[in-house]
Peer 1: 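Supplied in structure tokens, the structure appears directly below.
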Amino acid sequence: MQAEDVDTYTHGHADAVLQSHRWRTAENSAGYLLPHLRPGLDLLDVGCGPGTITVDLARRVAPGRVVGLDVSPDPLGEARAAAERAGVPVTFAVGDVYALDAGDGSFDVVHAHQVLQHLTDPVAALREMARVCRPGGLLAVRDVDYAAVTWFPADAGLDRWLDLYSRVARRNAAEPDAGRRLLSWAHAAGLREVTATTSAWCYATPAEREWWGASWAGRATASAFADQAVAYGLATPGGLEEIAAAWLRWAAADDGWLGMLHGELLIRV
């Protein structure tokens with residue numbers, strides 16, 4: 001069974017979502033992994049999206065083989081264009097994290113950023129990613145913990161956003177507070193040689209607030225998340241407009257600040 005038949009991606013691939021994904025780089029999203037990379041390693045990036053992290057990782061392991069997989073074909077054209085601009089060879093393809101099209105021990109590094117939080121069975125996904133990782137290789141995963149997201153100034157509209165996001169994700173049988181659960185999922189998958197760390201994203205400059213606030217204002221009204229919230233009877237279009245307005249208020253606040261805590265694991269296979 002394909003992953004898209006059993007899992008529902010809460011965010012979808014609307015431009016407001018990809019706007020956020022395009023900001024991601026190896027430096028701001030995979031810093032915990034970078035010291036362990038070297039030229040010549042073969043790397044698999046699961047959930048590559050538009051490929052910005054994948055391309056950065058490919059630069060660091062060249063001439064190693066790099067493959068980027070996503071459950072949807074929608075962002076892969078953009079990913080291929082990014083690799084071509086960077087001049088690094090990367091193969092991008094649609095793939096199923098529960099049934100990877102690779103033999104046992106095919107890669108030195110398997111990486112997944114913001115993937116496990118969206119899955120109905122993250123433990124099975126970890127087992128499958130470990131299967132295609134070579135003995136002595138590294139499996140690297142990083143996920144946000146939405147319950148640990150915090151902001152200033154206080155806004156009831158953003159409180160409603162966080163509550164709604166969590167309810168939509170859980171209606172999809174996903175886990176929005178994945179960051180704190182990564183270690184337990186790894187242990188359940190039989191993976192015990194694990195280093196757990198945390199890192200955070202912080203948005204506080206006017207440019208960062210404008211970008212992040214506009215991204216979430218767009219997602220609140222025109223994305224898979226918005227469609228699901230209405231379809232599940234958890235929100236109305238009017239309520240989503242109010243949430244979008246709250247994001248724009250936050251973006252316009254001179255002292256606006258937002259922090260997002262992430263859990264990270266480096267797993268030696």
Peer 1: Flag yes if Tyr146 and Leu261 sit in one hydrophobic cluster, no otherwise; membership is Ile, Leu, Val, Met, Phe, Trp, Tyr, and two members link when side-chain heavy atoms are under 4.5 Å apart.
Peer 2: no

Peer 1: Hey, is the main chain of Ala99 close enough, under 3.5 Å, to the side chain of Arg131 for a donor-acceptor pair?
Peer 2: no

Peer 1: Using a 6.0 Å cut-off, check whether atom CG of Asp255 has over 12 heavy atoms from anything other than its own residue.
Peer 2: yes

Peer 1: How many angstroms lie between CG in Leu191 and CZ in Arg268, if you round to the nearest 0.5 Å?
Peer 2: 13.0 Å

Peer 1: Looking only at the side chains, is there a donor atom on one of Ser199 and Glu264 sitting less than 3.5 Å from an acceptor on the other?
Peer 2: yes

Peer 1: What's the shortest heavy-atom distance between Asp143 and Gln114, and which atoms?
Peer 2: CA-OE1, 3.2 Å

Peer 1: Looking at Val61, Leu138, Asp108, which hits side-chain contact (heavy atoms from CB on, under 4.5 Å) with Leu37?
Peer 2: Val61

Peer 1: Do the side chains of Asp42 and Arg134 get close enough for a salt bridge, i.e. N-O under 4.0 angstrom?
Peer 2: yes

Peer 1: Would the Tyr203 and Trp212 ring centres measure less than 6.0 Å apart?
Peer 2: yes

Peer 1: For Ala204 and Trp257, work out which heavy atoms get closest and say how close.
Peer 2: CB-CD1, 3.8 Å

Peer 1: Looking at Ala58 and Val90, what are the two nearest heavy atoms and their distance?
Peer 2: CB-CG2, 3.7 Å

Peer 1: Is Arg60 paired with Glu27 through a side-chain N to carboxylate O contact shorter than 4.0 Å?
Peer 2: yes

Peer 1: Is there a side-chain contact between Val115 and Val141 (heavy atoms, below 4.5 Å)?
Peer 2: no

Peer 1: Please check: side-chain N/O of Asp45 versus main-chain N/O of Cys48, any donor-acceptor pairing under 3.5 Å?
Peer 2: no

Peer 1: Are the side chain of Arg142 and the backbone N or O of Ala30 linked by a donor-acceptor pair below 3.5 Å?
Peer 2: no

Peer 1: Given the rule in the side chain to side chain contact (heavy atoms under 4.5 Å, CB included) test, do Asp7 and Asn172 qualify, once you have shown the distances and angles that lead to the verdict?
Peer 2: CA-CA 7 Å; Asp7 292 341; Asn172 289 331; over 6 Å; no

Peer 1: Only one of Trp250, Phe225, Trp211 clears ring pair (Phe, Tyr, Trp, His ring centres under 6.0 Å) with Trp216; which?
Peer 2: Phe225

Peer 1: Are Trp247 and Phe152 linked, directly or through intermediate hydrophobic residues, by side-chain heavy-atom contacts shorter than 4.5 Å (ILVMFWY only)?
Peer 2: no

Peer 1: Any heavy-atom pair between the side chains of Leu100 and Leu69 that's under 4.5 Å?
Peer 2: yes

Peer 1: With side chains defined as the heavy atoms from C-beta onward, is the minimum distance between Leu240 and Val230 less than 4.5 Å?
Peer 2: yes

Peer 1: How far apart are the closest heavy atoms of Phe92 and Leu76, and which atoms are they?
Peer 2: CB-CD2, 4.3 Å

Peer 1: If you measure from CD on Glu241 to OG1 on Thr236, what distance do you get to the nearest 0.5 Å?
Peer 2: 9.5 Å

Peer 1: What distance separates Arg85 CZ from Arg80 CZ, expressed to the nearest 0.5 Å?
Peer 2: 13.5 Å

Peer 1: May I ask you to test the Glu78-Pro75 pair for a side-chain heavy-atom distance under 4.5 Å?
Peer 2: no

Peer 1: Could you tell me whether the side chain of Val66 reaches within less than 4.5 Å of the side chain of Leu57, counting heavy atoms only?
Peer 2: no

Peer 1: I'd like to know if Tyr32 and Leu41 are part of one continuous hydrophobic network [Ile/Leu/Val/Met/Phe/Trp/Tyr, side-chain heavy atoms within less than 4.5 Å].
Peer 2: yes

Peer 1: So does Asp177 pair up with Arg170, basic N to acidic O under 4.0 Å?
Peer 2: yes

Peer 1: For the pair Ser215 and Glu210, evaluate side chain to side chain contact (heavy atoms under 4.5 Å, CB included) and give the outcome as yes or no after the intermediate values.
Peer 2: CA-CA 8 Å; Ser215 174; Glu210 180 181 5; over 6 Å; no

Peer 1: For the residue pair Ile53 and Ser29, what are the closest heavy atoms and their distance?
Peer 2: CD1-CB, 3.6 Å

Peer 1: Where do Ala186 and Leu265 come nearest, in terms of heavy atoms and distance?
Peer 2: CB-CD1, 3.8 Å

Peer 1: I'd like to know if the side chain of Thr52 reaches the main chain of Thr25, judged simply by a donor and an acceptor atom lying under 3.5 Å from each other, with no hydrogens or angles considered.
Peer 2: no

Peer 1: Going through the distances and angles, do Val55 and Val88 end up as a side chain to side chain contact (heavy atoms under 4.5 Å, CB included)?
Peer 2: CA-CA 7 Å; Val55 169; Val88 290; 3.8 Å; yes

Peer 1: Considering only heavy atoms from C-beta outward, does the side chain of Trp185 approach that of Pro122 to under 4.5 Å?
Peer 2: yes

Peer 1: Give a yes or no on whether Tyr98 and Val67 share a hydrophobic cluster (residues Ile, Leu, Val, Met, Phe, Trp, Tyr; joining criterion: side-chain heavy atoms under 4.5 Å apart).
Peer 2: yes

Peer 1: Check ring pair (Phe, Tyr, Trp, His ring centres under 6.0 Å) between His111 and all other residues, then give those that pass, not counting sequence neighbours.
Peer 2: none

Peer 1: Can you measure from CG (Leu234) to OG (Ser166) and round to the nearest 0.5 angstrom?
Peer 2: 11.5 Å

Peer 1: Show every donor-acceptor pair shorter than 3.5 Å between a side-chain atom in residues 157-164 and any protein atom, with sequence neighbours excluded, or say none if there are none.
Peer 2:
unit_1 : atom_1 : unit_2 : atom_2 : d
Asp163 : OD2    : Arg167 : NE     : 3.0
Asp163 : OD2    : Arg167 : NH2    : 3.4

Peer 1: How far does NE2 of His187 sit from CG of Leu126, to the nearest 0.5 angstrom?
Peer 2: 11.0 Å

Peer 1: Should Leu43 and Leu266 be counted in the same cluster of Ile, Leu, Val, Met, Phe, Trp and Tyr side chains packed under 4.5 Å apart?
Peer 2: yes

Peer 1: Please check this pair: side chain of Arg209 against backbone of Gly256, looking for a donor-acceptor N/O pair closer than 3.5 Å.
Peer 2: yes

Peer 1: Decide yes or no for Gln228 and Arg171: does some side-chain heavy atom of the first lie under 4.5 Å from some side-chain heavy atom of the second?
Peer 2: no

Peer 1: What's the spacing between Trp201 CH2 and Glu208 CD if we round to 0.5 Å?
Peer 2: 12.5 Å

Peer 1: Do Leu116 and Met129 have side chains that approach each other closer than 4.5 Å (heavy atoms only, starting at C-beta)?
Peer 2: yes

